[in-house]
Trainee: 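The structure that follows is given in the form of structure tokens.
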Amino acid sequence: MRPIADHTREAFAQVEEFVRKFYATRNADPATGCGETSAIGRGAPGTAPVAVILDSGCGTGESTIHIARRFPSIPVIGIDKSCARLNKAGNPSQTAGEDVPANAFWIRAELLDFWRLALEHVESGKWTIPYHAVYYPNPWPKQSEATKRFHMHPIFPTLLALGDMTELRTNWEIYAREFVEAARFVFAEWASNAAHPDTQPQIICESFDPENPETAFERKYKEAGQALWRVTVSTHF
């Protein structure tokens with residue numbers, strides 16, 4: 001693969017600093033029960049990995065807010081390559097008049113390079129990623145564009161290796177089903193070459209009707225009556 005761009009390394013360094021400060025502040029607050037050490041983020045560097053949640057391709061960042069409220073004790077990183085979209089992150093229409101969660105953070109970066117850096121942190125024991133959101137990625141619908149889909153790109157094993165649970169959401173049923181088959185192929189490869197011999201994957205593909213849409217796309221598709229699809233890939237190493 002190509003070398004990781006300097007601007008992505010700089011963006012990743014900003015994320016590292018946010019994560020460090022989040023846990024430093026949280027651990028300094030007696031109300032959080034900071035005397036406890038665990039794999040969900042309260043361990044000091046060098047002891048247990050800290051938990052970080054990724055919201056990849058977050059767009060305007062609305063999904064990051066929803067996820068941050070769902071996991072208030074873990075930093076949630078919204079990543080997108082569009083400055084124009086990220087400039088809308090955290091606006092009042094997204095927060096319903098409430099404050100932006102303290103654990104939400106947005107960064108502009110190239111996803112593929114960011115994932116490679118994140119995987120280095122996971123494999124070195126610095127991070128654990130209990131949840132990785134990949135909501136409504138570009139489906140690249142033309143047949144000539146198929147290799148640009150995440151599950152048909154060389155980056156796909158990296159994506160799967162990042163999180164304990166990866167959740168894809170899409171309005172393209174074929175995209176969801178392709179994602180499932182590609183994941184099964186990757187896990188089979190890992191099992192055959194002993195790359196991750198203890199992996200116990202669970203893959204679920206289902207249609208769903210969100211009661212409270214978490215992205216502008218999700219809201220638009222729901223209002224248009226389109227079927228939405230969700231794939232969850234859970235791994236245990």
Trainee: Does E189 reach the side chain of V186, with side-chain heavy atoms less than 4.5 Å apart?
Mentor: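 In short, these two side chains do not touch, never coming nearer than 4.5 Å.
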Trainee: Identify each donor-acceptor pair in which a side-chain atom of residues 50-61 lies under 3.5 Å from a protein atom, sequence neighbours left out, and give them as a table.
Mentor:
residue	atom	partner	partner atom	Å
D55	OD1	S63	OG	3.4
D55	OD2	S63	OG	2.6
D55	OD2	T64	N	3.0
D55	OD2	T64	OG1	2.7
S56	OG	W115	NE1	2.9
S56	OG	H132	NE2	2.7
T60	OG1	Q94	NE2	3.2

Trainee: Using a strict threshold of under 4.0 Å (side-chain N to carboxylate O), is an ion pair present between R69 and E98?
Mentor: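 Yes, E98 and R69 are salt-bridged.
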Trainee: Starting at OG1 of T25, measure out to NZ of K21 and round the result to the nearest 0.5 Å.
Mentor: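 T25 OG1 to K21 NZ: 8.5 Å, rounded to 0.5 Å.
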Trainee: For the residue pair T147 and W140, establish whether any side-chain heavy-atom pair is separated by less than 4.5 Å.
Mentor: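 No. Closest side-chain heavy atoms not under 4.5 Å.
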Trainee: Give a yes or no on whether a salt bridge exists between E62 and R219, defined as a side-chain N under 4.0 angstrom from a carboxylate O.
Mentor: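 Yes, E62 and R219 are salt-bridged.
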Trainee: Using the side chain to side chain contact (heavy atoms under 4.5 Å, CB included) definition, which of the options L111, N138, T158 pairs with F150?
Mentor: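 Answer to the side chain to side chain contact (heavy atoms under 4.5 Å, CB included) test with F150 among L111, N138, T158: L111.
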Trainee: If the test is ring pair (Phe, Tyr, Trp, His ring centres under 6.0 Å), which one of Y135, F208, Y136, W229 qualifies with Y221?
Mentor: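 That would be Y136; it is the only one of Y135, F208, Y136, W229 passing the ring pair (Phe, Tyr, Trp, His ring centres under 6.0 Å) with Y221.
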Trainee: Check A183 against F156 and note the closest heavy-atom contact, atom names and distance.
Mentor: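 In terms of heavy atoms, the two residues are closest at N-CE2, 3.5 Å.
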Trainee: Got a sec, which residues hit side chain to side chain donor-acceptor pair (under 3.5 Å) with E181, two or more places apart in sequence or on another chain?
Mentor: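 Counting only residues at least two positions away or on another chain, E181 forms a side chain to side chain donor-acceptor pair (under 3.5 Å) with R184.
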Trainee: Got a salt bridge between E206 and R230, using NZ or NE/NH1/NH2 to carboxylate O under 4.0 Å?
Mentor: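 Yes, this pair counts.
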Trainee: Look at E167 together with R169 and state whether they make a salt bridge at an N to O cut-off of under 4.0 Å.
Mentor: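 Here E167 pairs with R169 in a salt bridge, since their nearest N and O are under 4.0 Å apart.
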Trainee: If the threshold is 4.0 Å, N to carboxylate O, is there a salt bridge linking R108 and D80?
Mentor: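 Salt bridge between R108 and D80, a charged N being under 4.0 Å from a carboxylate O: no.
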Trainee: Can we say E17 and R20 salt-bridge, meaning some charged N sits less than 4.0 Å from an Asp/Glu carboxylate O?
Mentor: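 Yes, E17 and R20 are salt-bridged.
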Trainee: Between E110 and R116 (salt bridge meaning N to carboxylate O under 4.0 Å), is one present in this structure?
Mentor: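 The answer is no: the pair does not qualify as a salt bridge.
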Trainee: Hey, are the side chains of P141 and I174 touching, using non-hydrogen atoms and a 4.5 Å cut-off?
Mentor: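 Of all side-chain heavy-atom pairs linking I174 with P141, none is under 4.5 Å.
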Trainee: Does S124 reach the main-chain N or O of H121 with its side chain, forming a donor-acceptor pair under 3.5 Å?
Mentor: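 Indeed, once roles are kept as given, a pair shorter than 3.5 Å links the two residues.
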Trainee: Is the backbone of P210 close enough, under 3.5 Å, to the side chain of K222 for a donor and an acceptor to pair up by distance?
Mentor: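 Flag set: sc K222 to bb P210 pair under 3.5 Å.
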Trainee: Can you tell me how the ring of F179 sits relative to the ring of Y175, calling it parallel under 30°, perpendicular over 60° and tilted otherwise?
Mentor: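 Aromatic pair F179/Y175 classed parallel.
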Trainee: Are W172 and E178 packed together at the side-chain level, in the sense that at least one heavy-atom pair is separated by less than 4.5 angstrom?
Mentor: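 No - every pair of side-chain heavy atoms lies 4.5 Å or more apart.
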Trainee: If the condition is side-chain contact (heavy atoms from CB on, under 4.5 Å), which residues does A5 pass it with, not counting sequence neighbours?
Mentor: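 side-chain contact (heavy atoms from CB on, under 4.5 Å) check on A5 returns H7, T8, D113.
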